[in-house]
Amino acid sequence: MKKRIAYDDAVDLLDADHKAVKKMFIDHAALCEAGAPAATKRLLTQRICQALTMHAQLEEEIFYPQVRKAIGDDALMDEALQQHAAAKEIIALLVSKKTPDTGLDAAVKQLGMLIDLHVLEEREVIFLQARRAALDLRGMTLPLLKRRQQLKKQADALSAQEAA
Ligand SMILES: [Fe+2]
Ligand SMILES: [Fe+2]
């Protein structure tokens, strides 16, 4: 029997990522509010950064190039890439073990706000245009899932290495 894919199409899959990461940002804010230990917050921060890095890579490798080709709006897609680049700068700071605990909470909050804006733009402009364009969004789901599995394996292997 063919395995059922849990997502309607590429947009549905990517937006599920958005929701999952938003939940992690909310959890992080709750930890800050509750005065949780820095180590607990760092652990969640690493998960947020890993999820965002993987998500951005999926979009940049598979989704964005096809959308760019279909809608022909280079300015829009370049702007999205710039937003990814800005997020990656903060992520680099957050994943560095050299970054002191002080200031981390503020940086996570800043990243969360940046991602909120970016997701809004994806949902209200890029996703809508992708759905209107002659794009096989359903057909894109499986390549996205496969690439995500690959990236997850790589990331897990890397964290196992670091833990060893
Ligand atoms: Fe994005
Ligand atoms: Fe996204």
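Remember, it's 1-based here, ligands and their atoms both numbered in the order they're listed.
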Quick check: does Y64 put an N/O/S atom under 2.8 Å from the Fe ion (ligand 1)? yes
Would you mind naming the N, O or S atom of H84 nearest to the Fe ion (ligand 1)? NE2
Please give the atom name: the N, O or S atom of E122 nearest to the Fe ion (ligand 1). OE2
Whether F127 and H18 hold their rings parallel, tilted or perpendicular, with breakpoints at 30° and 60°: parallel
Would Q150 and R147 count as having a side-chain donor-acceptor pair, cut-off 3.5 Å? yes
I need the K88 NZ to L52 CG distance, nearest 0.5 Å. 11.0 Å
The Fe ion (ligand 2) to nearest N/O/S of H118 less than 2.8 Å: no
H18: which N/O/S atom is nearest the Fe ion (ligand 2)? NE2
Taking 2.8 Å as the cut-off, does an N/O/S atom of E59 lie below it from the Fe ion (ligand 2)? yes
Would you indicate whether the side-chain heavy atoms of D12 and D9 approach each other to under 4.5 Å? yes
How would you list, by chain and number, every residue that makes a side chain to side chain donor-acceptor pair (under 3.5 Å) with D8, sequence neighbours excluded? none
Locate the shortest heavy-atom distance separating L44 from M24; write the atom from each residue and the value. CD2-O, 3.7 Å
Check all N, O or S atoms of H55 and name the one closest to the Fe ion (ligand 2). NE2
Measuring to the Fe ion (ligand 2), does D15 have an N/O/S atom at a distance below 2.8 Å? no
